[in-house]
Chemist: 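Sending over a structure as structure tokens; questions will come in a sec.
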2 protein chains.
Amino acid sequence: MQPGRTAGQRAGLTRETVLRAARELLAEGGLTALSMRALAGRLDVAPNALYSHVANKTALIDDLLDDVLAGVEAPAPDTGAPVTRLHQLMASTYTVLLAHPDLVPLYLSRQGARGPHAQRLGNIAAALLRRAGVPEPAASEALRVLIVYTIGFAAFTSHLPEGAGTEHQPGAAELHDNFGRGLGWLLTGIQRSRPS
Amino acid sequence: MQPGRTAGQRAGLTRETVLRAARELLAEGGLTALSMRALAGRLDVAPNALYSHVANKTALIDDLLDDVLAGVEAPAPDTGAPVTRLHQLMASTYTVLLAHPDLVPLYLSRQGARGPHAQRLGNIAAALLRRAGVPEPAASEALRVLIVYTIGFAAFTSHLPEGAGTEHQPGAAELHDNFGRGLGWLLTGIQRSRPS
DNA sequence: ACCTGAACACCGTTCAAGT
DNA sequence: ACCTGAACACCGTTCAAGT
């Protein structure tokens, strides 16, 4: 019997409540705070109760990863050049990723980009590359390069050392600028590879 | 008393023997196989004996990370254009990183690039950017972009899904090509940003 | 200085059992 | 179907004690 519940009453866990609690744990204490046992503790259930709603910890995290990408806003269609909109899309992704610093390193190591939201973003970017006149197979390669660069830079930025933002140690603002400049270089190079 | 040693004899651990055993463990079973307890077991000592030679697991891994970078070969000086040599340097780094797939994701999350070998590579790349005519502060930004791109792509490549190399799933060879193409785009963009 | 025994404070996951 | 108790097989690290 757990506090907050009288005898015989079920915990009433849901897949959604589990995921929500996981996000809270992550927001409060980072990745190290997210253990199955801590998660169970927060929900006032035994650790193994979670396995009725989630296959395992890996599957749980995969869901969290894709959920984050839901926050990326696709640029308004038919406004500005395709390359400009590509820049906006990747910059928005970068910003959203940095709002969840602890998760970022996981995107690169896992297959990661296979959830529905990741696919949506991939399709948008692919369409923009086509519109920009980049032919296959360069477009597929460019897509992968843009994704890797964005996630990689976010992962790099996500764990700033203590004395960041002072002296020659760049802070979050400088790194954001740096990201944008590199993204511009990349898009310039991709455009120049077009057949003219 | 441990097997292989008679009573009263010391284990005779060294910082070097510990690091070597760690590398072996890593090569045989990947990152999950590298635990302090497994490491102690392989060296026939109690787990806490390791702490006489290494501050903690994080410090141990930091050493391993920088050691890997010792394998990166600097391009021969005064041969070819600076940009070509930059390409070679980063491509060599990419190859060396992929020889130790399990460690790659750690480079991005940690400060990582603060060991002696990482500094050496950074200095070489910075000199090449200067020679290529890239002024400050663009050169510093370009350096960071190149590093992040290279490590990021290696991290992405390092954990290939099962069915890789078939159908539309790219294998290691395709990804290596993809990395090189993206590196070229990046260097093109960086060069185009020079004042002419 | 270097190593051990024992312990502390944890992990993820499984299995049989209860309702 | 959903949850618990108990257990399995682990972790990294610290502390006091021995040589």
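Keep in mind that the numbers below use all heavy atoms, side chains included, and drop hydrogens, waters and symmetry copies. Letters A, B, ... are given to chains in the order of the sequence lines, protein chains preceding strands, and every chain is numbered from 1.
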Chemist: Please report the distance, rounded to the nearest Å, between CG in B/Leu43 and P in C/dT4.
Modeler: 11 Å
Chemist: Does D/dA7 have a Watson-Crick or wobble partner in any strand here, with both distances under 3.5 angstrom, and which is it?
Modeler: C/dT13
Chemist: May I have the distance from A/Lys57 (atom NZ) to C/dT14 (atom P), rounded to whole angstrom?
Modeler: 15 Å
Chemist: Hey, is the main chain of A/Thr17 close enough, under 3.5 Å, to the side chain of A/Thr14 for a donor-acceptor pair?
Modeler: no
Chemist: Whole-Å distance between C/dT13 P and A/Asn56 CG?
Modeler: 5 Å
Chemist: Whole-Å distance between C/dA1 P and B/Arg15 CZ?
Modeler: 17 Å
Chemist: Between C/dC10 and D/dA9, how far is it from one P atom to the other, in whole Å?
Modeler: 23 Å
Chemist: Pick base, sugar-phosphate or nothing for B/Ser35, based on heavy-atom distances below 4.0 Å to the nucleic acid.
Modeler: sugar-phosphate
Chemist: Of all the choices, C/dC3, C/dC11, D/dT13, which nucleotide is nearest to the side chain of A/Arg37 once you look at every atom?
Modeler: C/dC11
Chemist: Rounded to whole Å, please give me the gap between CG in B/Leu39 and P in D/dC10.
Modeler: 16 Å
Chemist: Heavy atoms from C-beta onward define the side chain here; which of D/dC11, C/dT4, D/dT13 lies closest to that of B/Pro47?
Modeler: D/dT13
Chemist: For the pair made of CG in A/Leu50 and C1' in D/dT4, what is the distance, rounded to whole Å?
Modeler: 12 Å
Chemist: According to the interplanar angle, ranging from 0 to 90°, do the rings of B/Tyr149 and B/Phe179 count as parallel (below 30°), tilted (30 to 60°) or perpendicular (above 60°)?
Modeler: parallel
Chemist: Between P on C/dA17 and OH on A/Tyr51, what's the gap in Å once rounded to a whole number?
Modeler: 21 Å
Chemist: For A/Leu13 and C/dT19, what is the distance between atoms CG and P respectively, to the nearest whole Å?
Modeler: 19 Å
Chemist: Kindly say whether A/Leu13 contributes a backbone atom to a donor-acceptor pair with the side chain of A/His53 at under 3.5 angstrom?
Modeler: yes
Chemist: OP1 or OP2 of D/dA1 sitting under 4.0 Å from any side-chain N/O of A/His53?
Modeler: no
Chemist: Search all heavy atoms of A/Ala118 against all heavy atoms of A/Leu69 and return the closest pair with its distance.
Modeler: CB-CD1, 3.6 Å
Chemist: Choosing from D/dC2, D/dG12, C/dT14, which nucleotide comes nearest the side chain of B/Met36?
Modeler: D/dG12
Chemist: Rounding to an integer number of angstrom, what distance separates C/dC11 and D/dC8 when you compare their C1' atoms?
Modeler: 12 Å
Chemist: Using purine N1 to pyrimidine N3 plus N6-O4 or O6-N4 for Watson-Crick, or N1-O2 and O6-N3 for G-U wobble, each under 3.5 Å, what pairs with C/dC2?
Modeler: D/dG18
Chemist: By nearest heavy atom, map A/Thr58 and B/Thr14 onto DNA chain C; which one lands nearer the 5' end?
Modeler: B/Thr14
Chemist: Using the salt bridge (Lys or Arg N to Asp or Glu O under 4.0 Å) rule, take B/Asp78 and B/Arg131 through it: C-alpha gap first, then chi angles, then the decisive distance, then the call.
Modeler: CA-CA 11 Å; B/Asp78 309 315; B/Arg131 282 219 184 190; 3.5 Å; yes
